[in-house]
Number of protein chains: 2
Amino acid sequence: MVVPELPAHRPLQAPPRLKDVAAKVGVSTATVSRALTGSGPVSSKTRQRVEEAAKELGFVPSHHASSLASGRSRNIGVVLPYVDRWFFATVLDGIAGTLTGAGYDAALYNLQGENFLESVLTDFLLRRHLDAAAVVSLRLDPSETEQLFSAGIPLAGIGGSLEGAPTVSVDDLDAGLRATNHLIELGHRRIAFVGGPPEAGRSFPMASDRRRGFERAMTAAGLEIDPRWLLVADFTFSGAYQRVKSLLAAPADRPTAIFAAADEMATGAILAAANLGLQVPGDLSVIGIDAHPIGEAFGLTTVNQHARQQGTRAAQLLLQQLSGDPVTASHELHPTNFLVRSSTAPPV
Amino acid sequence: MVVPELPAHRPLQAPPRLKDVAAKVGVSTATVSRALTGSGPVSSKTRQRVEEAAKELGFVPSHHASSLASGRSRNIGVVLPYVDRWFFATVLDGIAGTLTGAGYDAALYNLQGENFLESVLTDFLLRRHLDAAAVVSLRLDPSETEQLFSAGIPLAGIGGSLEGAPTVSVDDLDAGLRATNHLIELGHRRIAFVGGPPEAGRSFPMASDRRRGFERAMTAAGLEIDPRWLLVADFTFSGAYQRVKSLLAAPADRPTAIFAAADEMATGAILAAANLGLQVPGDLSVIGIDAHPIGEAFGLTTVNQHARQQGTRAAQLLLQQLSGDPVTASHELHPTNFLVRSSTAPPV
DNA sequence: GTGAAAGCGCTAACAC
DNA sequence: GTGTTAGCGCTTTCAC
């Protein structure tokens, strides 16, 4: 007998439904639902028989049906500008791990810059009836958050404050201040800064705040800020490597220390120095921000901003709101801490 | 008059439904549905009026309702072992960008190793009625793929072949072979290899294949493989830095070249050499695999494996299957290409 | 080209 | 503790 070949991607037979389980046990679908979701009283005998029957039949509840009926989807959106950059990937790891552990799904909205922002907000977030959303490093205006709230979607933010929602971030100005002060306290007076381009669009002023911290520390110490020593890179290793290499190439008027607004740039700076035959920290001290794992091999002194924990915390804030526990819409500053390694020392 | 404060996270008023749009236009819900989804004949006048009314009311279709009714969810799962490692984050970027661009959602299943594998497979993939799933660097056994197929979920894989599903990867053995041959052709005879630990669990033998490529090239050239020169790191910069530093520390019997199975390790090796006062490529040639952006500043010669494109391709394979276009369940080898920079040269 | 009506598979009142 | 009964908000035949 010839069995016709069915396309492999179509079900061979209808999967079992709630009512099949109910029939098998001889109870109503309501009871099965209660037994399986724990959403109501069921005798332990019945519960047990239902669970057995469900397993035997290989029953898997329909997500869409239960979402439609209950109004909850156990699906949480995570909106972020990049996934292929260390900070964002690490934050995402923290968020996704926490959500998965709590039985929630993470729906990824990778904007790749801000390309998809508009369509994500309208087409996706609302249409999909997410239970909640985490917004990373993106400014939403009050009308947008209001729109989400009135669609019943609680938010949590990372990187800057969001009207009406709890947010977490580190104090970037303070981090910049402390990093710079560390160099100043070591005795450096000629300090360069490697930052990013001015923030555009919906980004929070993370890089600017770190630069302002730098400037404030310098000014407070009565030190001069040489405009040629305010470098603009793009938060990449290679970008910083090139900028710093040109800066250090002229031996005449060199800084004795560099504060880079991110570890990837700081390590790029160290490589640039090394390739010019300069010793770190002998000829040049370098400090960064992040605690990026690459810093370890470079012996980079840095300010740990606990990226993964920030993600975890944001996820918790979401879960807490979903559990009905009210959360104050405050901006929470995540502590940073110094990680002194071998890239900083007093100037020679 | 005092308006009672409503909790901010609850809808202030019921959002508009399909039937509200229908009422406003004076047509049936069926017509509105056809007009908005394009799933049936509608006169262009009607369509226009429906679109206007929908916009005015701020109508957003319910995802769950339409999924339940249609059986399709426009949601695609992406299962991967890590998101905070370059290769995976980059692949994810490629996949998510392609899916978002096609109007699909990406549901992220970050296993963090393989912790969540079992629950992802049962609890999530099936329950959620995903339209499809991309599986990155994870071996599924035939009973698992069969289970997904019979639930109507087409698959695409990355990193190794999957029974019954189209997959893409690079030829890791060939990449190892070519990288090693590059060094051999330059005249190196004393070549070390930095790889990863033996694969465990559901991982494909990516690192082993690269090592086998190395061994095969060495053997074919009649060169000896010194077991002390087969280094095992963990695919991180710092890990490779340490291993290579100890290897090179003893000046007596040093290799003249190193092939590292990934760029992050290769750059760690370069830094180790530099910190020991060795010149690259003068005293040591180094080659990697990946085209990781960090390699640029190090002048690293590498084999580009086009991680993002692999992700894009896998996503296309999924979209193609969803469009009804049959796809052969073959394993597609993605081309790699050489990127010769300044870290390799003939031995002195 | 359009409407009526029957679901999609589950949950949640409400009775008993 | 359990069953009955309405929906949840769409899509999709099937008539017309």
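Sequence lines set the chain letters: A, B, ... in the order given, protein chains first and strands last, and positions in each chain run from 1. Below, all heavy atoms of this structure are taken into account, side chains as well, without hydrogens, waters or symmetry copies. Please read these numbers as outputs of a predicted model, since none were measured by experiment.
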Report the distance from atom NE2 of B:His63 to atom P of C:dC10, rounded to the nearest whole Å.
-> 16 Å
How many Å lie between NE2 on A:His64 and P on C:dT11, as a whole number?
-> 14 Å
Residues which pass salt bridge (charged side-chain N to carboxylate O under 4.0 Å, His left out) with B:Arg313, listed by chain and number, not counting sequence neighbours = B:Glu332
If you pin A:Arg17 and A:Arg72 to their nearest nucleotides in DNA chain C, which one's is more 5'?
-> A:Arg17
Rounded to the nearest Å, what distance is computed from the NZ atom of residue B:Lys19 to the P atom of nucleotide C:dG3?
-> 17 Å
Whole-Å distance between D:dC10 P and B:Arg74 CZ?
-> 17 Å
Hey, what's the ring geometry for A:Tyr82 with A:Phe88, parallel, tilted or perpendicular (30° and 60° as the breaks)?
-> tilted
Between C1' of C:dG1 and CD of B:Gln48, the distance in whole Å | 16 Å
Can you tell which of A:Leu317, A:Val91, A:Thr167 makes a side chain to side chain contact (heavy atoms under 4.5 Å, CB included) with A:Ile158?
-> A:Val91
Looking only at side-chain N and O atoms, does A:Ser33 come under 4.0 Å of OP1 or OP2 in C:dT11?
-> yes
Output all residues satisfying salt bridge (charged side-chain N to carboxylate O under 4.0 Å, His left out) with B:Glu163, sequence neighbours left out; order by chain, then residue number.
-> none
Identify all side-chain donor-acceptor contacts of residues 46-61 of chain A below 3.5 Å with residues at least two apart in sequence or on another chain.
residue : atom : partner : partner atom : Å
A:Thr46 : OG1  : A:Ser43 : OG           : 2.6
A:Arg49 : NH2  : A:Val25 : O            : 2.8
A:Glu56 : OE1  : A:Lys24 : NZ           : 2.8

Helix axis bend for the helix from C:dG1-D:dC16 to C:dC16-D:dG1 - C1'-based end axes, five pairs, 10° rounding | 30°
Does the side chain of A:Ser143 come under 3.5 Å of the side chain of A:Asp141 through a donor N or O and an acceptor N or O?
-> yes
Nearest whole angstrom, please: distance from the C1' of D:dG9 to the CG of B:Leu18.
-> 8 Å
Atom CG of A:Leu68 and atom P of D:dA6 are separated, to the nearest Å, by 18 Å
NA contact type, A:Ser67, heavy-atom cut-off 4.0 Å: base, sugar-phosphate, or nothing?
-> nothing
From CA spacing to verdict: salt bridge (charged side-chain N to carboxylate O under 4.0 Å, His left out), A:Arg72, A:Asp131 | CA-CA 6 Å; A:Arg72 277 163 273 109; A:Asp131 285 353; over 6 Å; no
Output side-chain donor-acceptor pairs under 3.5 Å for residues 31-42 of chain B, partner residues at least two apart or in another chain, one line each.
residue : atom : partner : partner atom : Å
B:Thr31 : OG1  : B:Ser28 : OG           : 3.3
B:Thr37 : OG1  : B:Ser33 : O            : 2.8
B:Thr37 : OG1  : B:Ser39 : N            : 3.3
B:Thr37 : OG1  : B:Ser39 : OG           : 2.8

Nearest heavy atoms of A:Tyr104 and A:Asn75, plus distance in Å = CD2-N, 3.9 Å
Could you list, one pair per line, each protein nitrogen or oxygen that sits under 3.5 Å from a nitrogen or oxygen of nucleotides 1-5 of chain D, together with the distance?
residue : atom : partner : partner atom : Å
D:dT2   : OP1  : A:Ser43 : OG           : 3.2
D:dT2   : OP1  : A:Thr46 : OG1          : 2.7
D:dT2   : OP2  : A:Ser43 : N            : 2.8
D:dT2   : OP2  : A:Ser43 : OG           : 3.4
D:dT2   : OP2  : A:Thr46 : OG1          : 3.3
D:dG3   : OP2  : A:Ser28 : N            : 2.8
D:dG3   : OP2  : A:Ser28 : OG           : 3.1
D:dG3   : OP2  : A:Thr31 : OG1          : 2.6
D:dG3   : N7   : A:Arg34 : NH2          : 2.8
D:dG3   : O6   : A:Arg34 : NH1          : 3.0

